[in-house]
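Before any comments, here is the structure.
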Amino acid sequence: MKPERRSPSVRARDCAGSLSPRASVRARFHAKWLLSLAMLGSGIVASSCFTGSDGLVPPTENLYFPTGALVSPGRTTLYVVNSDFDLQFNGGTVQALNLAATGDHDGLRDIADRVATAIANGDSPDDTCGSIGSTPNDNLSLYPGPCNPIDVQPFIRAFATVGAFAAGITLLSRDDGEPGARLFVSVRGDPSVTYFDVPDDRDPGQVESPCAPDLFCLQCAGEGDEQRCGRDHRIGENIFTSQRGLLLPTEPTSVASSLGSGSDPVIAAHQTSATASLVVNSWPVDGDATPFSATPSLEFLLEGLPEAPTVVTSIPAPAFAKDASFDYQPGFIISHRADNTLTVVRYFDDANAAPSRPFLVRSDDIGLSISGADTDSRGMAFDTTARTACEAGCADDRACLEQCLDEKVGFYVANREPPSLLIGQMETTPNETDGEVTSLSETFSFEEAIPLPLGPALVFVGQVINLDGELEPRVFVVCFDSRFVVVYDPTLRKVEAQIRTGRGPFGLAFDTGTNADGEPTSYMYVTQFTDSYLSVVDLDMSRLSYLTPIVSFGPPQPPREEQ
Amino acid sequence: MRAVLSSGRSRWTALAAGGLLLGSGAVAMSSCTGESTEAEVRSLERTGQVAFVCMGKPGSDAALRSLADCTAAPRQLDPTNFGTDESALHLYALVTLETRGELAVVDITAKEGNVLDQDPSTPGDNPLPVGAQPVDVVATPKGTAVFVASADTSRPGIYAIDAELLRPCEVDTDRCGTPPPTLSSYPACQLPSQPGAMVLVADPADAEGRVRQTCGGAYDEVEADSPTFGNIDSEGLGRQKLFVTLPKEGRVVVIDAQQLFSQDPGAFDACEIEAELPLSTTVPDAPPPPVIEPQPDCAVPEEPELRPSGEFDRSIPAGVALVAPPDGGTPGASGASLYVSDIGVPVIHVLDLADPCTPIEGEPLLPTSAEDPSRVVITDRVAVSRLTPSAHRYLYAIDVEDRSVMAFDISTDGSQQPLLMQNPEDNPFQPPDRVKFAAAPVDLAIIQRDLPEENDTGVSEIGTLCNPDFCCDTEECQLGNAFRTSSDFETGAAPFTLRGVFAVVALASGQVAVIDIEDFDAPCRGPQFPAAIGCGEDSTCTEDGQLTGFATSGELTCNVVAPHQTRSGFFLLDNEDVGRHLPGIQTFPSLAREDGTVVTDGPVMLAPADAAGAILAVAGELQTIPPSGAILGDDGPENTLVLTTANPRVHQADQEWALTYQGALPGFGGKVGDLDVGAGEFSDSTAGFCDNGVQPEAAVRARLELEGGLSEDEIDSEAARLADRLHVSKPLAGVEAPYWESAACTFADCRATFGDETVPTVSRDLRIIEARQDSLELAPPVGTDAEFMQCCFPTLVNYEVRAGDEWVLIGGASGFVHDVIADPVTGVCRPSCDTRLDGLNARAEYSVLEGEPAVEPVFENALFGFRIVVPRNNEGQLDLERDMAFRFITQASFVPLRVPLTSDSRNNVQIQSLGYVPMTDEFFATDGGLEGLLLVPGDLVGDIRQFF
């Protein structure tokens, strides 16, 4: 099967100084068509034209149209995806930034701690900013925060080059007792799901790194100075990364993963082809040299979904389903830009077949009518705080774990039409035959819609520290168009705050845990897409800086058209 | 940064919200790529709560006025126009702006320039700055002071704004030369945590007109001849106390309004809390739910495990509703009560404020759910009515997690529980104890309106009921005659004549819905002769020896107006004056085979025998059903059915219905399951067989055994006949598939036995013996053996579930209505034993035509009634074919009275709060986007005024 040929495109943008990805993609598609004609006419045809060694190498010492971000499980690393959205370079990058101090090398968290503490102590702006090598902010409207941005380069400890228009990011940790962690990034430009073997830092004191002794690593068979990821790590870009010779459809906008039994599903949503793709991740096992037994492979394409699938998120599996006597199919929910429905898909590992041919099934549709005709759904997130707390007290007591199924799991969806946050919940009901649980039914319902500022995009659930030093869940909604991150308190059922950020907030990542003294800390990292920098928001209620940006890592780079 | 603008709405609104570059009024901008775009600047972003003040000319003695004085305030005045005699009053709406932490002052009396610009030197109409996240605003009764509650995460507090600061230089020339207000321009106090809802309650003056300035203080004289700026006591309505809910702490605190108001501008000390009341977290036992008697052929819904009682973790006050006499009462007997909803504890707190300084919590109201007694019901917004003419007082509350609204009778002899609807079995689509909406309710208000009429007898009192009785000639009756529906339906009792007590509910869809509570015109809405449609007794009044009937609107149902149910938006009639609004059908049902071939001499649909004389609206024409059950059309008897009108609200949508023989149940499309033919088992964890209404053989058997009258063999036969079938719809593996090389069966043999997915054979049907949510027990296949079938379908299979030898009714919008649940003990699929749900039925058996059509079996559910009669063909066979279907389209469904706030110019209205403005007889609604403040006429007819 021939790989699909594509032509390069030009970036088109709206005129207000900020990018709307949707508008840009539409314009890009049109421009792409025109340019492709020109390219064909000149005899130049390229495959995978957003990836290649021609052209400028992307910057690896700073951010460039950052999109997704993710904190590693052990909170040692912040992974940031850079999209190269204006195609000034020949690809995007994925970077690993150190969050915690290593040796005498400060981490991002240390910088944030220093500023937050200084503010809490009432230090002067000069002293506060001087403590991190900066000066009081002279451009509050563009880069909110008390201090001018500082250089991010010292914190970038590893990088790799991928295709352009990378956005989605997810991480899988090996679940069979062995060390292992993989990062998956959806790259629209290839298209591919590019994967990296990364350090397993679940025990921060004993980090297992594939690049040992380096603690920061993005292993993707990178080549050259820019560490461009090897072909075998770009799943779906070529037929050799699929047992069935499949190619990934275009425009994988989002990616999500879940733990399976034996193999783990990674799902990508494809916004222009009404398709969801299944990449199955397998971990290496000694003595097993079967092809694809140790690496991810593209296994299935689920077509015929409602139009414009946009964001995919995994349904959190209850602990009761783990090692259960019944089959539990990991589930995912896909939102759609052009339909007022959410699609539930389930992963079947087909383990009983030989060979197994994993696949996806579209198991349910969730209609959205809470505001009448809710369309253009974007990000989604689950709040499992109550259920997780319940399960933590059960150990292996299955009766106890079954009781925990009654705990509420909040479900939140961001809608752009009208701009709102849909508040709902997931109910898990065990189905029984003769007193034995045979399956779990997961149903979804929505209760209310909270109006949001313009441009709701992604939704995240994070933890803030309350005045008693305890963690409390909050729902964070990124409103790209209006430069807000809206903070919703699910307990009080109210918007707690609207954080004014820099232009084009895109991805959020949460760094919540305890410090060396056992005290809780919590920060939120915001990728500022438009001006290519990273900001940090304080999530400690006891401080005056609560829910405000406190540090910016850059330097910010306004889009070229503004320079 | 070079600011470049496009015609995109989002860019415009973002810029307008910032008000950075544009002045007020419409401006034209050039876009990068397109033509010029006219855009109105919008100053009100994410409006929240609203308070009102009435004010006269600045500097006059009557600048501060009671709200009631603004009742006759003329509209369309310029903001600076106070009339030639300078006595004109202006009504101002004070609107919180949640995003920016501001309070906008909107002159709703003015025609233009409604949003008062507090800082003309800055582009845009600038509101007053207050603390971040303003969550509520209240004003004293005569407008002396305004209080704004700010839920700023780091500086929660209350800001007290002098009324003198509300109007800028443009209106109050005395303020020219003073700098625009800042956050330090008014006093404020810091609360211990973020506030929620807030109200002002008067600590009454004593008999001598003295007030106590503090809760523990003595009563002192105050000057209360007329309100003066800076002195709340001068309003003469007692000492005003702020009751502020603190959701994070689960308590209500009391703060003296004047004491706060008297602080220095810019102060932000801790609020002096005079009294506080931790809200109770103790929940009484839930009352026992109605007993549902178990039967052998049905399932009792999950053993009515009641919702938890006892101690809950924390109270989280949400909404408040105050009942207070307008005159403030007397010391120790203020007459005030405060109702506080709670999203942490399943109660509505009832606070006795006889002494506002000593609030006492009494017995709470108990929100419960009749559908699910185990559910913890939490409530958000609440609203309370005035004492109605029938001496009742009602409270309405939003059930947050259920998208519904509950009603409580909080009169002295009222119950603690939600009111139950009358005859809930007539509308099984609604819970019996609440009104449920598709879109989420956001806020609500209860209003009492009347439109007094005057005739020779006099002027009707508030609450005069419409009189439909021709023979009643008392003075009251004669006044009531004036409210009758006119013959042309233009005046009198009508859907939009909101004369009575109503709950008005704001929905997240941007609509406003109405629930009837006490409609003063209800007696005049209904049939002229109720006995004819079996819903009451006729009038005995005669004229010229003939019964006159009632002087009503002539609607063909007695439940047009039903207390605590949604109000109809139309007369339920079909005529030239009101249009087609009697639920009916577009055309008579027609029968066709799956390929579309119309069948004219096969099965027929007849109305039930006892429906003779009933009315059926067909394309707007009223037809009377004859005793034969078939209305005679141009070409002979037509397929006929009857639509139930006991509660017209069951007809929820105009939709296409299909009554299909052996039809496929919806809900299984795209699913796959694991088929083990040998073991007779099928499983699919995602199926939800009970939720989708599957009827196994065992369920039919249990029903037939309970009904009696059949032998054991007959029961076996009937149960097998009527059981649902699992139809394997999966295509065979392709003829070239490698599987056939090693399989024990061949493609050709499998194809011959099972057909293909387009022409399947009966062997693909497996009778369902028993069903559970995720699994089925199956009978052996017909026409083949299990081993062979397993060989032909070795892997997971796609499937359908089809009815047995009966018809299934499926609506395009309603779907397949059923009352099947999973038995909580055994897990098997059975109909619910709750008789309230008997109307949820969509399976129709048929009779064979042997001479005259049999009167049974009859299909009856909440919407329709009919019977199916099947003839034999010339070969003596029943003329039945799978997927042949009667199709018809219902029309003129019940349309609830809804007012859409969205329009072509207002694409998305996301209502944040709703209230009633009695001064102007309008409803106000605020919007979570940029639509600002909307004012809707009180009768919900007419233009919507918008301020942004």
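Quantities reported herein were computed from a predicted structural model and do not represent experimental measurements. Atom set for the values below is all heavy atoms of this structure, side chains included, hydrogens, waters and symmetry mates excluded. In what follows, chains carry the letters A, B, and so on, assigned in the order in which the sequence lines appear, proteins first and then strands, with residues in each chain numbered from 1.
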Next item on the list: State, yes or no, whether a side-chain contact exists between A/Pro306 and A/Arg362 at a heavy-atom distance under 4.5 Å.
Entry: yes
Next item on the list: Output the option from A/Gly424, A/Ser441, A/Pro419 having the highest count of non-hydrogen pairs under 4.5 Å with chain B.
Entry: A/Pro419
Check: Using 4.0 Å as the upper bound for N to carboxylate O, is an ion pair formed by A/Arg503 and A/Asp481?
Finding: no
Notebook entry, point to check: Checking A/Arg493 against chain B: side chain, backbone, both or neither under 4.5 Å from a heavy atom?
Noted result: both
Notebook entry, point to check: Relative to chain A, which segment of B/Ser775 carries a heavy atom at a distance below 4.5 Å: side chain, backbone, both, or neither?
Noted result: side chain
Item checked: Heavy-atom proximity to chain A below 4.5 Å, by part of B/Thr826 -> backbone
Margin query: Between B/Arg314, B/Arg403, B/Lys248, who has the most heavy-atom pairs with chain A when the cutoff is under 4.5 Å?
Written below: B/Arg403
Item checked: Sub-6.0 Å ring centroid separation between A/Phe359 and A/Tyr347 -> no
Checklist line | Atom group of A/Leu452 that falls short of 4.5 Å from chain B, counting heavy atoms | finding: backbone
Notebook entry, point to check: Relative to chain A, which segment of B/Gln912 carries a heavy atom at a distance below 4.5 Å: side chain, backbone, both, or neither?
Noted result: side chain
Check: Distance-only, no hydrogens or angles: does the B/Lys436 side chain make a donor-acceptor pair with backbone N or O of B/Ser404 under 3.5 Å?
Finding: no
Check: By ring-ring contact (aromatic ring centres under 6.0 Å, His included), which residues pair with A/Tyr328, not counting sequence neighbours?
Finding: none
Next item on the list: Check each atom of A/Leu492 against the heavy atoms of chain B and say whether the ones under 4.5 Å are side chain, backbone, both or neither.
Entry: both
Checklist line | Side chain, backbone, both or neither of B/Gln133 within contact of chain A (heavy atoms, under 4.5 Å) | finding: side chain
Margin query: Need one label for B/Ile316: side chain, backbone, both or neither, based on atoms under 4.5 Å from any heavy atom in chain A.
Written below: side chain
Check: Is A/Arg474 salt-bridged to A/Glu496, going by a charged N under 4.0 Å from an acidic O?
Finding: yes
Item checked: Which portion of A/Ser420 sits near chain B, non-hydrogen atoms under 4.5 angstrom -> both
Next item on the list: Measure from NZ or CZ of A/Arg500 to the centre of the six-membered ring of A/Phe484, then state whether that distance is under 6.0 Å and the direction lies within 45° of the axis.
Entry: yes
Check: Can you list the residues that meet the ring-ring contact (aromatic ring centres under 6.0 Å, His included) rule with A/Tyr143, with sequence neighbours excluded?
Finding: A/Tyr533
Check: With chain B, which of A/Thr438, A/Val361, A/Asp350 has the greatest number of heavy-atom pairs at distances under 4.5 Å?
Finding: A/Thr438
Check: Taking B/Ser685, B/Gly928, B/Ala508 one by one, which has the highest count of heavy-atom pairs under 4.5 Å against chain A?
Finding: B/Ala508
Checklist line | Exercise: identify the closest heavy-atom pair between B/Thr153 and A/Tyr546 | finding: CB-CD2, 3.8 Å
Item checked: For chain B, the option from A/Val344, A/Asp327, A/Thr491, A/Leu440 that forms the most heavy-atom pairs under 4.5 Å -> A/Thr491
Checklist line | Interchain contact, A/Glu442 with chain B, by part (heavy-atom threshold 4.5 Å) | finding: neither
Next item on the list: Among the options B/Thr686, B/Val672, B/Val400, pick out the one with the most heavy-atom pairs lying under 4.5 Å from chain A.
Entry: B/Val400
Check: In terms of heavy-atom proximity below 4.5 Å to chain A, should B/Leu796 be classed as side chain, backbone, both, or neither?
Finding: side chain
Next item on the list: Check the pair A/Ile450 / A/Val495 against side-chain contact (heavy atoms from CB on, under 4.5 Å), numbers first and verdict last.
Entry: CA-CA 8 Å; A/Ile450 306 292; A/Val495 169; 3.6 Å; yes
Note to self: Could you check whether any side-chain heavy atom of A/Met541 comes within less than 4.5 Å of a side-chain heavy atom of A/Asn466, counting everything from C-beta outward?
What the structure shows: yes
